[in-house]
Amino acid sequence: MSAPASPAAMSQAVTNNLEAFWMPFTANRQFKQAPRMFVAAKDMHYTTSDGRQVLDGTAGLWCCNAGHSRPKVVEAVQRQIAELDYAPAFQMGHPKAFELAARLAAMTPSPLDHVFFTNSGSESVDTALKIALAYQRAIGQGTRTRLIGRERGYHGVGFGGISVGGIVSNRKTFGTMLTGVDHMRHTHDPERNAFTRGVPESGAEYAEDLIRIIQLHDPSTIAAVIVEPVAGSTGVLIPPKGYLERLRDICTQNGILLIFDEVITGFGRLGSPFATDFFGVTPDLITTAKGLTSGVIPMGAVFCSADIYNAFMTGPEHMIELFHGYTYSAHPLACAAALATLDTYDEEGLLTRASDLAQYWEDGLHGLKDCPHVIDIRNLGLIGAVELEPIAGEPTKRAFSAFLKAYDDGLLIRTTGDIIALSPPLIISKDQIDELFEKLRAVLHAID
């Protein structure tokens, strides 16, 4: 009988096996044939398993707004885990949860002054949808059960999020989803707005599609409308001038709650703390995540007004007002990371830094207009998209080839369909913006 393998040998055998991990939103078979592994990160760069530096052009997954391994955040998490590793969120609390909620409420425009903590953008969306439905019932509008999303919208991967979302691949294989959901048309209009710098002039009238839906279903049946102020994961679709204002007016006139999904636009991405500040349009609820902790610990938050909160604060005081929550709501480590992230944003002026870099970013991005296969470029704040002409009969292949080539050349980009999306950490320098676009230019000239 052979001797049993040593623990070290067994560990090596297990860790060398890539098969067990079913990777999310990934071409698993392609990846496992030629893995791309990050083993460290600092500031604007990842380090690969073979020792190369990769410039982060996507802030991880739109989330590492303050950059990577920032000292204040690292130290805060280290201290917290030694002090209080976990505290139950049901019928109990811990100080940092209340401190964080108060700081966040002070950042958002009036009347958004209450915060419900989640663990991700997907959970924030489902939470906001449930709050909207329960609120309408609490104020005696229980017939309002419909939820309205938008074509090409992305609201995470929960059943609520994919139901109101409008990305076909995220929906088509998962059954009928939630009932009572409808969708407005998207605002993408390349015939009129291709290569627009910033906010498109044309397209505010697309908001009128909400009136069509209201007329179809009657306003008394509709609880809420949810949109991304800037649609990110579908390929960076910028709202036309006046569009969000018109949505706000229509919702107000018809007693419908307006939800802004700011999981991507929140925490400085547009050059202001939130898109609601940038556009001057205040919704009834805001969903956030990602930049809340700069991606260090999973966390999300939903903002709502005192009117919404107080609508639930009725009945006997010992009764639970909203039967919803998560085991890890306001997790102590997440709260510590978020507080330190907010400190970092404040000390370095990161929540408004994108406004200072926006013109430089825009000029560099639109400088790629003459590259092969480029059919549109879009930008706002420190977000950008380069749309490529698809290869006939092979959609997504051209952009995926660009992704692989960029990684080989030391640049991380994000692709969705045949669109390259860019959203670097807010600490990016002008020299690094130049480097990013120089590398991307070379990539676009290299691919077929």
Side-chain angles (χ1 to χ4, degrees), residues 109 111-112 125 128-129 132 136 141 144-155 161 163-168 180-194 196-266 269-270 272 274-287 303 305 376 378-381 383 385:
L112 300 170
V125 166
L129 297 177
Q136 297 287 13
Q141 296 288 315
R144 293 182 179 268
T145 59
R146 291 190 181 276
L147 301 167
I148 310 302
R150 186 168 58 182
E151 296 171 359
R152 294 189 68 164
Y154 178 73
H155 302 292
S163 295
V164 295
I167 297 179
V168 174
V181 174
D182 209 337
H183 295 79
M184 300 179 288
R185 71 147 299 168
H186 60 75
T187 63
H188 189 42
D189 190 348
E191 290 187 6
R192 292 192 292 174
N193 295 327
T196 291
R197 289 172 172 254
V199 177
E201 294 285 344
S202 302
E205 68 275 9
Y206 289 127
E208 304 302 316
D209 197 46
L210 178 55
I211 293 179
R212 175 188 64 82
I213 292 174
I214 290 172
Q215 291 173 340
L216 172 65
H217 297 298
D218 192 82
S220 67
T221 69
I222 300 174
V225 170
I226 183 168
V227 295
E228 301 157 277
V230 176
S233 295
T234 193
V236 184
L237 307 185
I238 314 298
K241 287 183 180 178
Y243 173 82
L244 294 175
E245 291 89 338
R246 182 61 180 138
L247 285 186
R248 174 69 280 180
D249 290 343
I250 295 170
C251 288
T252 300
Q253 292 163 10
N254 290 278
I256 299 167
L257 296 181
L258 178 61
I259 305 169
F260 276 2
D261 184 340
E262 293 221 38
V263 171
I264 284 176
T265 54
R269 182 53 55 189
L270 301 184
S272 56
F274 299 96
T276 182
D277 305 301
F278 183 89
F279 291 106
V281 178
T282 303
D284 300 291
L285 296 120
I286 293 177
T287 65
F303 300 85
S305 68
D376 193 14
R378 303 180 285 277
N379 70 280
L380 198 66
I383 301 178

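Partners of F260 according to the ring-ring contact (aromatic ring centres under 6.0 Å, His included) rule, which considers only residues two or more places apart in sequence or in another chain, do not exist here. Remark: Q141 pairs with Q136, I139, R144 by the side chain to side chain contact (heavy atoms under 4.5 Å, CB included) rule, at least two apart or across chains. Every residue was checked against the side chain to side chain donor-acceptor pair (under 3.5 Å) condition with Q253, not counting sequence neighbours, and none meets it. Partners of R146 under the side chain to side chain contact (heavy atoms under 4.5 Å, CB included) rule, at least two apart in sequence or in another chain, are H217, T221, I222. Under the side chain to side chain donor-acceptor pair (under 3.5 Å) criterion, D249 pairs with no residue at all, not counting sequence neighbours. With sequence neighbours left out, R269 forms a salt bridge (charged side-chain N to carboxylate O under 4.0 Å, His left out) with no residue at all. Every residue meeting the side chain to side chain donor-acceptor pair (under 3.5 Å) condition with D209, not counting sequence neighbours, appears here in chain and number order: R212. Taking E205 as the reference, R192 meet the salt bridge (charged side-chain N to carboxylate O under 4.0 Å, His left out) condition, with sequence neighbours excluded. Remark: S202 pairs with no residue by the side chain to side chain donor-acceptor pair (under 3.5 Å) rule, at least two apart or across chains. In terms of the side chain to side chain contact (heavy atoms under 4.5 Å, CB included) criterion, residue partners of E151 (sequence neighbours excluded) are, by chain and number, H183, R185, H186.
Using modelled atom types, one side-chain atom of D218 and one backbone atom of S220 make a donor-acceptor pair closer than 3.5 Å. Side-chain N or O atoms of T196 include none that pairs as donor or acceptor with a backbone N or O of G198 at under 3.5 Å.
Residues I286 and P283 share a closest heavy-atom pair of CG1-CG, 3.5 Å.
Within the structure, the side chain to side chain donor-acceptor pair (under 3.5 Å) test picks out the following pairs touching residues 276-285 (sequence neighbours left out): R248-D284.
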Pair up each side-chain donor or acceptor in residues 225-244 with any protein partner under 3.5 Å, not counting sequence neighbours, and list the distances.
unit_1: E228; atom_1: OE1; unit_2: Y154; atom_2: N; d: 2.9
unit_1: E228; atom_1: OE2; unit_2: G232; atom_2: N; d: 3.2
unit_1: T234; atom_1: OG1; unit_2: R152; atom_2: O; d: 3.3
unit_1: T234; atom_1: OG1; unit_2: R152; atom_2: NE; d: 3.1
unit_1: K241; atom_1: NZ; unit_2: E201; atom_2: OE2; d: 2.5
unit_1: Y243; atom_1: OH; unit_2: R150; atom_2: NH1; d: 3.0

